[in-house]
Amino acid sequence: MGKDSLDLFGAPREVRVVPVMVPLPVAKPYSYVVPDGMHVEAGSIVQVPLGPRQVFGVVWAGESDDKVDPKKLKSITAAFDCHPLTKDMRSFLDWVASYTLSPPGLVARMALRAPAAFDPEPMIEGLRLTDQRPERQTPARLRVISLAEEAPAWTRSGLSHAAGVSTSVIDGLVAQGVFEPVFLPPPPVTALPDPDYGAAPLEGDQRDAADQLVAAVRSASFSVSLVDGVTGSGKTEVYFEAVAEALKLGRQVLILLPEIALTPAFLERFQDRFGAKPAEWHSDLAPRTREKVWRQVGEGQVRVVAGARSALFLPFDNLGLVIVDEEHDPAYKQEDRIFYNARDMAVVRGRIGQFPVVLVSATPSVESRVNADQGRYSHIHLRSRFGGAALPDLHLVDMRRHPPARGGFLSPVMLRAMEKTRERGEQSLLFLNRRGYAPLTLCRVCGHRFQCPNCSAWLVEHRFRGILQCHHCGHNEKTPDACPECGTLDHLAACGPGVERIAEEVEKSFPESRIIVLSSDLSGGVKRLRLELEAIAKGEADIVIGTQLVAKGHNFPNMTLVGIVDADIGLANGDPRAAERTFQLLSQVTGRAGRTGLKSHGLIQTYQPLHPVMQAIVSGDPEMFYEREIVEREKALMPPFGRLAAIIISADSRADAEAHARGLRQAAPPVSGISVLGPAEAPLALVRGRYRFRLLVHGRRGADMQGFVSTMIQNGPKERASLHVQIDIDPQSFL
DNA sequence: AGCACGCCGACT
DNA sequence: GTCGGCGTGCTC
């Protein structure tokens, strides 16, 4: 069915009109006319006029059922010669848009982030050997010719490089007709992974777990498995078997990873197993590579992608498995423009595409644990450590009983353990999740505290750089000599430790030790970080002091002592996930030790040795933590029934939502049970079914939100019901 | 996202 | 009297 228009002779003519999703915050696709002779189908990527400019878009269906004023209709400018987005991909984008309360156009835009990839890659120029032979045979020429006989075609630079001659030798042979130019298809971004390449024999738990995952892949139907086991229990080896099976079935695989810092080690492991590297996808890929990967993923030429959360929006042709490694990691949450948790969206992608999704973590998120406990996910638990590596033995250091020396932060117990480690010629790692020198500076005369002018956070002193910096907004100023309030000179006091300050203390106690400080303040970027990590692995440091940067999968064979400087950080900050985060971080960091045959130790400095997180960590029994945390979480999520409960979602930010909740509490004291959740987590809370009234307020402006909520309170249940119907998300739709 | 339109404050 | 601040609305 098309719209009538008039042809040149005034006769009515059928015109094909299709919906096109444009990358703007609009609620639905716009309709465009398909010009005569242009081929487009659902999923095609096109260029269309929009107002004064041209934009890219996706044809969203075979034809439009929208009644648009025909006078407004414009024609598609161009259709690109690249694979159309699959039906699954379009359904996925629609689903994400409705789940996250985002305009579908903006969600679709995430799938179009490589515009130059829409045009086919140009063929590359190559050379092929002919029957002609040169009149004058020189050694260089003979070498080139004999080498060239080994392959059907070469690139000019590839051949000169391989033969060890300059390109002028090749040019000379081309001129004599020994080589003829040919066009070669562009090379793939990576070689094909071979599922049988480095298959390692698995035993016991690992074998059983791998068998379960392989069976899930073979069934080619939707399922979610949570693979959980301590650091070093062989989770990666296990899920590699699932990857191998998907490859054997000819399907594509996506491995999501939270941090790009973890990738080099991961890529090597993958290569050892599959004989080739996976294609990488993350925000700082070179544009050229980015385009190649995008296109080759769409064509099905790339078989395995290892990427950050945005890889979920690559235009896979035949996706058959998604692995979410370190599934608990907060880096999976995107909290700007479109709010989503890639872990959950991966599950949805699997449901839509009818394939298995595997969530992997040594310390699963509480949500995933609950899903596993309730039978929505199957739970695969790996008990033993792979290759017989022993877990470190862990002890709490009660800081009330073993306080540090005045002005210091390290307990004598910790210093003694470091001394012994040094005597054995082994390495120590001190972990403190605080950048800089001191988190707060104050004036000892008038009590003035240095605060950020934009945020309300304290300014963190960075002594190496001589600045005070806000870790929220990045604001920074030079550290003054005098107090800006009372003018007193040299009476500013640093309060509390950061890694720089711990380094200072360690230098005093171990003047001859080689110390490396690792934090995101390290100048020189990722490259420098990798160099430092290599140096540590080679034993070029005795003591490493680091922030959570050191928690991610690097292995230091000689690192036999891990010391947590302040395990209590983060437990008191009011975040509903504080305990969970602390548990996960401490587990990860202590897991850094004990991967060698050497005996290894972990010392955890705390003022709260009886805190459930501390007890769970030293007991080595994660169940202790999860059982209690799930009960606590349910209590917290349970608003008092019979009163109004509201979930406030801000479309802008969690901070925004919090501000509005404060306003609401003041404006309407009888209202209780207001939970403030960021947009990425509120829908999950709904899944848990904890809320009696579900109110999702979605608005661009704060005033709208305040208005919505007030109206709802005044008008009572009827209004609530209508609001609910109007904008709620079906909680069951998640699975 | 851009871009135009429109309504109120401080200026040549 | 205008120039320009950014709030609001529109793009098939």
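Chain naming here is simple, since letters A, B, ... match the order of the sequence lines and numbering starts at 1 in each.
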Which part of the nucleic acid, if any, lies within contact of A:P49, taking any heavy atom under 4.0 Å across all strands shown: a base, the sugar-phosphate backbone alone, or nothing?
-> sugar-phosphate
Could you tell me whether the side chains of A:E580 and A:S365 share a donor-acceptor contact shorter than 3.5 Å?
-> no
Could you give the OH-to-P distance, from A:Y30 to C:dC10, as a whole number of Å?
-> 10 Å
Tell me which nucleotide among B:dA1, B:dC3, C:dC12 gets nearest to the side chain of A:P52.
-> B:dC3
Would you mind reading off the distance between A:K71 atom NZ and C:dT11 atom P, rounded to a whole angstrom?
-> 14 Å
Mind calculating the distance between CZ (A:R53) and P (B:dC3) to the nearest angstrom?
-> 6 Å
Can you tell me how far P of C:dT11 sits from CG of A:L106, to the nearest Å?
-> 17 Å
CZ of A:R109 versus P of C:dT11: gap in Å, rounded?
-> 20 Å
Can you tell me how far P of B:dA1 sits from CG of A:L50, to the nearest Å?
-> 14 Å
Please lay out, stage by stage, how A:R303 and A:T190 fare under the test side-chain hydrogen bond (donor to acceptor under 3.5 Å, both in side chains).
-> CA-CA 9 Å; A:R303 309 298 304 282; A:T190 61; over 6 Å; no
Do A:Y340 and A:Y332 make the cut of ring centroids closer than 6.0 angstrom?
-> no
Could you check how far CG of A:D69 sits from P of C:dC12, rounded to whole Å?
-> 12 Å
Would you please name every residue forming a side chain to side chain donor-acceptor pair (under 3.5 Å) with A:R349, sequence neighbours left out?
-> none
Check the distance between B:dA1's P and A:M110's CE and give it to me in whole angstrom.
-> 13 Å
